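Take a look at the structure set out below.
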There are 2 protein chains.
Amino acid sequence: MSDTTEQRPYHHGNLRMELLDAAERSLRTHGVEQLSLRDLARDIGVSHAAPRRHFADRRALLDALAESGFVRLGAKLRTAVDEIDDEDDLPARLHAFASAYVRFATENAALTGLMNSSKHRPGATAVAEAAAAAFGQISDLIEEGQERGELEEGDPEGIGLIVYATVLGITSMVNSGMIEPERLEGLVDTAVTQFLRGARPAQQR
Amino acid sequence: MSDTTEQRPYHHGNLRMELLDAAERSLRTHGVEQLSLRDLARDIGVSHAAPRRHFADRRALLDALAESGFVRLGAKLRTAVDEIDDEDDLPARLHAFASAYVRFATENAALTGLMNSSKHRPGATAVAEAAAAAFGQISDLIEEGQERGELEEGDPEGIGLIVYATVLGITSMVNSGMIEPERLEGLVDTAVTQFLRGARPAQQR
DNA sequence: CGCGAGAGTAGTCATTGACAACATTGTTGT
DNA sequence: ACAACAATGTTGTCAATGACTACTCTCGCG
């Protein structure tokens with residue numbers, strides 16, 4: 001059935017997904033502050049109260065958005081790392097990871113901001129889990145590096161945290177306009193390189 | 001004249017400052033989303049339109065808050081660095097800088113979030129300047145380190161950016177609940193140490 | 001085949017930011 | 001002194017919004 005001129009049936013049938021889509025568009029073009037449930041409903045062509053059937057309140061919609069963001073980010077990170085064929089090439093894999101992150105985070109600036117601010121909200125366990133899954137990948141990378149003696153010993157998560165923090169900070173600065181996007185690649189490069197140098201075991205220095 | 005039972009004169013005399021004070025309290029306890037101009041006006045006991053004489057709109061109030069935050073942060077950073085008597089002790093100074101930053105940023109979590117999200121708003125030049133002043137200090141530190149040959153050559157600002165980014169990222173993770181505050185000190189410690197190792201000139205490796 | 005749950009609608013309310021018109025007070029030039 | 005006048009507050013109003021309630025439509029299941 002064509003949906004162009006046809007009257008929409010009483011039941012939309014796909015509202016939840018379409019709400020999320022519209023929400024992400026609005027997020028991208030107008031920012032999170034401007035995102036209004038009634039606006040989305042108007043865009044889609046349903047009544048102002050319809051979204052309530054799918055999201056208890058504005059927060060719930062934003063949380064769902066953040067969760068979906070983390071899932072997609074996780075996937076991007078995974079494929080980026082896996083694309084480095086040489087499984088033992090830690091520098092390359094770390095670099096791929098960092099690059100993929102900053103690309104996603106700068107191409108989806110507003111969404112990333114939302115993701116980073118929602119993941120602490122109590123009750124948003126789904127968001128937290130999605131975030132942990134995305135982040136967990138770097139711990140694995142670090143762990144492998146340690147096993148092969150390329151990185152100093154110590155809590156893999158703690159060490160990974162540093163890398164993650166740096167990348168997070170860089171994108172935050174780009175997204176807030178503090179530094180120009182052109183410098184992104186270079187900064188990520190030096191960040192990863194310096195990290196690898198700084199985290200080498202003592203006997204290799 | 002006592003101001004306890006006395007009727008407030010028609011002209012408050014200090015509304016702007018008191019608004020900023022109340023705003024910061026509200027920010028701290030309820031977060032930026034809940035901050036409402038009318039609420040502040042009620043708290044202070046003026047009419048709902050009074051704030052408009054001092055801040056064109058909600059954004060302007062938030063920007064002023066962010067600016068004041070950067071000014072205070074800058075001062076904290078400066079004194080922290082200056083408290084290290086040995087002017088040549090780069091590690092100690094860098095550490096003091098990072099420590100002071102994370103302390104401020106975690107003790108003023110919501111304010112920091114606001115600061116980091118406002119500094120890009122076009123037209124908020126005052127905010128941008130305050131931010132640059134606070135951040136510029138680290139460039140100076142790096143430059144000194146380079147002059148004494150303790151750090152590899154290269155754009156001081158670029159190198160400083162990495163440190164700043166890492167510290168920014170760490171606090172962002174703490175403030176969003178991704179990592180526990182107890183780990184803060186340790187993380188900052190390793191971050192600074194690793195940075196210094198990684199940024200040493202080649203011949204010293 | 002009817003009926004109940006799921007999904008959408010219309011109506012309402014309190015809150016809010018923004019704005020305009022008006023009131024009060026402090027200041028300044030003469 | 002004192003009459004403009006600029007600052008600063010006040011009341012009143014409006015449109016938008018999120019949240020809630022009561023009602024309606026449809027479809028699938030027993």
Side-chain angles (χ1 to χ4, degrees), chain A residues 1 3 6-27 29-66 110 114 117-118 121-124, chain B residues 1 3 6-27 29-66 110 114 117-118 121-124:
Chain A
M1 25 183 129
D3 50 1
E6 199 136 347
Q7 275 203 96
R8 194 184 302 67
Y10 188 88
H11 279 190
H12 181 286
N14 208 16
L15 227 201
R16 189 192 154 92
M17 259 191 46
E18 205 153 338
L19 277 170
L20 286 173
D21 272 15
E24 195 162 339
R25 276 195 302 278
S26 169
L27 190 62
T29 60
H30 302 105
V32 63
E33 317 225 321
Q34 296 296 319
L35 191 152
S36 125
L37 294 179
R38 287 172 110 107
D39 228 2
L40 301 180
R42 267 190 297 268
D43 278 2
I44 298 178
V46 292
S47 79
H48 67 260
R52 206 160 147 54
R53 295 281 166 214
H54 301 274
F55 301 98
D57 58 14
R58 201 183 109 107
R59 251 318 351 138
L61 189 267
L62 294 182
D63 282 349
L65 227 40
L114 177 62
S117 71
S118 349
R121 201 175 328 292
Chain B
M1 26 180 127
D3 49 2
E6 199 134 347
Q7 275 204 97
R8 196 186 299 55
Y10 189 88
H11 279 194
H12 181 286
N14 208 15
L15 226 203
R16 189 192 154 91
M17 259 192 44
E18 204 154 337
L19 276 170
L20 286 174
D21 272 14
E24 196 163 338
R25 275 196 301 277
S26 169
L27 190 61
T29 59
H30 301 105
V32 63
E33 318 227 319
Q34 296 297 320
L35 191 151
S36 126
L37 294 179
R38 287 172 110 105
D39 228 3
L40 301 181
R42 269 190 296 268
D43 277 4
I44 298 178
V46 292
S47 78
H48 61 92
R52 205 159 148 52
R53 294 285 167 215
H54 301 273
F55 302 99
D57 58 14
R58 202 183 107 107
R59 261 290 22 123
L61 188 267
L62 295 182
D63 283 349
L65 227 40
L114 177 62
S117 72
S118 351
R121 202 177 329 294

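Note on naming: letters A, B, ... go to the chains in the order of the sequence lines (proteins, then strands), and numbering restarts at 1 for each one. These numbers were taken from a predicted model, which means no experiment stands behind them.
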Notebook entry, point to check: Can you find a pair of side-chain heavy atoms, one from Leu20(B) and one from Leu61(B), that are under 4.5 Å apart?
Noted result: yes
Notebook entry, point to check: Would you say the side chain of Gln34(A) lies within less than 4.5 Å of the side chain of Thr29(A), judging by non-hydrogen atoms?
Noted result: no
Next item on the list: Return the set of residues passing salt bridge (charged side-chain N to carboxylate O under 4.0 Å, His left out) with Asp39(A) (not counting sequence neighbours), or none when no residue passes.
Entry: Arg42(A)
Check: Just how far, in rounded Å, is C1' of dG8(C) from CG of Leu19(A)?
Finding: 12 Å
Note to self: Tell me the interatomic distance from Glu33(B), atom CD, to dG18(D), atom C1', rounded to whole angstroms.
What the structure shows: 13 Å
Notebook entry, point to check: If we only count heavy atoms from C-beta on, is the Arg52(A) to Leu37(A) side-chain gap below 4.5 Å?
Noted result: no
Notebook entry, point to check: His54(A) NE2 to dA19(D) P: how many Å, rounded?
Noted result: 16 Å
Notebook entry, point to check: Has the side chain of Ser26(A) got a donor or acceptor atom that lies under 3.5 Å from a matching backbone atom of Ala22(A)?
Noted result: no
Item checked: Sugar-phosphate or base contact per nucleotide [nucleotides 14-21 of chain C; S, B, -; heavy atom under 4.0 Å] -> --BBBBBB
